There are 2 protein chains.
Amino acid sequence: MQSSQWTSDLHWVREGKQDRSRKTQAKLLDAAEDLFAEHGIDGATMADIAAAAGCSIGAFYHHYRDKRALQFALFDRYATMFEKTNRIALDPARWEGARIADIVQSYVQVSIENDRMRPGQRRAATELGRVEPEIRSHVLKLRAMMDTGIRELLLARSDEIGHSDPELAISFVLDQLGSMIRTRVHEPEMPTRFASQPDEQFFAETVRSVCAYLQVDPPSH
Amino acid sequence: MQSSQWTSDLHWVREGKQDRSRKTQAKLLDAAEDLFAEHGIDGATMADIAAAAGCSIGAFYHHYRDKRALQFALFDRYATMFEKTNRIALDPARWEGARIADIVQSYVQVSIENDRMRPGQRRAATELGRVEPEIRSHVLKLRAMMDTGIRELLLARSDEIGHSDPELAISFVLDQLGSMIRTRVHEPEMPTRFASQPDEQFFAETVRSVCAYLQVDPPSH
DNA sequence: ATTATCTATAGATCTATAGATAATGC
DNA sequence: ATTATCTATAGATCTATAGATAATGC
């Protein structure tokens, strides 16, 4: 039966019957992640991807229906990881007794470290979102989930905030942090003076800036 | 003589002898700027660009040697405007007697407004820089020029700053502002709560944040 | 008479397929 | 016996050119 050649929920990848399958599929995903991030989706040809994965173009099309299917599979892997990481990191129980400055500091550190580990993933996901509406709406949902999670951690501590409009101030800070983290890890458009400083300095000044703006106490330690 | 078909200093564009030439060339640049910004360089085909400019592919190749030449010409137009704007805006005489908060506020406002006027230019220039090393180094030079200009305006007013390391703090603030302006105008990855606020609110909170961090007085009016 | 534009298409490049060959595991 | 891989190539798309036609301005 032709129609079940592709798995049901992930209808873009063939369900392999041999061990080789999984390995080849993973290698193709890794190769695509790197090449998409570096050259963009259109800039990475199937020949490039197959070569980087150490297999042939024919082998690729045995596993994935087409280039687009690879994009979906790649995003699927990213989304799963992203959701899991956030579910753990943003669990309110985890932050029992913590103050705003501690949460912000940890948020900045963890975000930077996560993004650095797999530099290709986020850029690939973002670029996919630009082309594939289905992926775009999923990306937005994931980011909104993270945004809501951290927002509520901070909102629950509004009484620490000296800024006259705590809710507005929190929204501003979240945008500010998101923007700066993205720039530092993914799109350092130019080697500015501060970009060349070590991460520790970036953490310190970022937290300092947020605390000064919100008018909350600096981190405890 | 074949070699002088292209003008000497801008060796990628033909020097037109009729009025039509200038018009067609300008229309092609405008079309390319929009399409490059929207679909990326590879995503915009010569057929698209010619159609958007209201001429044929053949007409395009009469004026520009190839697609790459169009990129250089486009960047040239951007660079000229960018440099002129900055030379005026960052003239120390213009800021005689101004305080840090006033300079920062004006910088944010002018940057946002300039970028909004021609939304395609910066994105096109940035993407060109990714592919063309010659353009990349020129982009870096332009940005460094702007960075130095505003840095010196602020450094000259170091005595207003309460932050313990004024030079470091200025570097941090410039990165922060650059990142936030870019995100707001060019790469609003997702419709966050704060992104939907009007520009005035963005200006106000941004300036407030910078003043709190630097420990300087708020803007005068 | 020169300059600019158009149509049609050659040549290059990339995606995806067809058909043959090799490896796996019951 | 089935599954996975490879080589070779058809078909689509895009850049750039060739040659013919139209507009400009001396």
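A note on names: the letters A, B, ... follow the listed sequences, proteins ahead of strands, and every chain is numbered from 1. All figures in this text were calculated on a predicted structure; none of them were measured in a lab.
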Results of side chain to side chain donor-acceptor pair (under 3.5 Å) for A/Glu127 - residues two or more places apart only: none
Full working for side-chain hydrogen bond (donor to acceptor under 3.5 Å, both in side chains) between A/Arg182 and B/Ser179: CA-CA 9 Å; A/Arg182 178 153 60 91; B/Ser179 163; over 6 Å; no
Pairs where residues 167-205 of chain B contributes a residue and the test ring pair (Phe, Tyr, Trp, His ring centres under 6.0 Å) is met, not counting sequence neighbours: A/Phe172-B/Phe194, A/Phe194-B/Phe172, B/Phe172-B/Tyr213
Dot-bracket line, read 5' to 3' along DNA chain D, where crossing pairs take [ ] and | marks a partner on another strand, Watson-Crick or G-U under 3.5 Å: ||||||||||||||||||||||||..
A/Arg22, CZ atom: more than 12 neighbouring heavy atoms under 6.0 Å: no
Donor-acceptor pair, side chain of B/Ser196 and main chain of B/Arg193, under 3.5 angstrom: yes
Euclidean distance, atom CD of residue B/Glu15 to atom P of C/dT2 [Å, nearest integer]: 18 Å
Plane angle bin for A/Tyr78 and A/Phe82 - parallel if under 30°, tilted between 30 and 60°, otherwise perpendicular: tilted
D/dT5 phosphate, OP1 or OP2, under 4.0 Å from A/Thr24 side-chain N/O: yes
Qualifying residue for side-chain hydrogen bond (donor to acceptor under 3.5 Å, both in side chains) with B/Arg184, from B/Thr206, B/Asp115, B/Asp199: B/Asp199
Side-chain N,O (B/His62) to OP1/OP2 (C/dT5) below 4.0 Å: no
Nearest atoms (heavy-atom pairs only) where A/Cys55 meets A/Thr24: SG-CG2, 4.2 Å
Set of residues satisfying side-chain contact (heavy atoms from CB on, under 4.5 Å) with respect to B/Ala195, sequence neighbours excluded: A/Asp175, B/Thr192
Between the protein and nucleotides 20-26 of chain D, which nitrogen or oxygen pairs come in under 3.5 angstrom?
none

Any A/His63 side-chain N or O less than 4.0 Å from OP1/OP2 of D/dT5: yes
Summary of protein contacts for nucleotides 8-16 of chain D, nucleotide by nucleotide, where a base hit scores B, a sugar-phosphate-only hit scores S (4.0 Å, heavy atoms): ------SSB
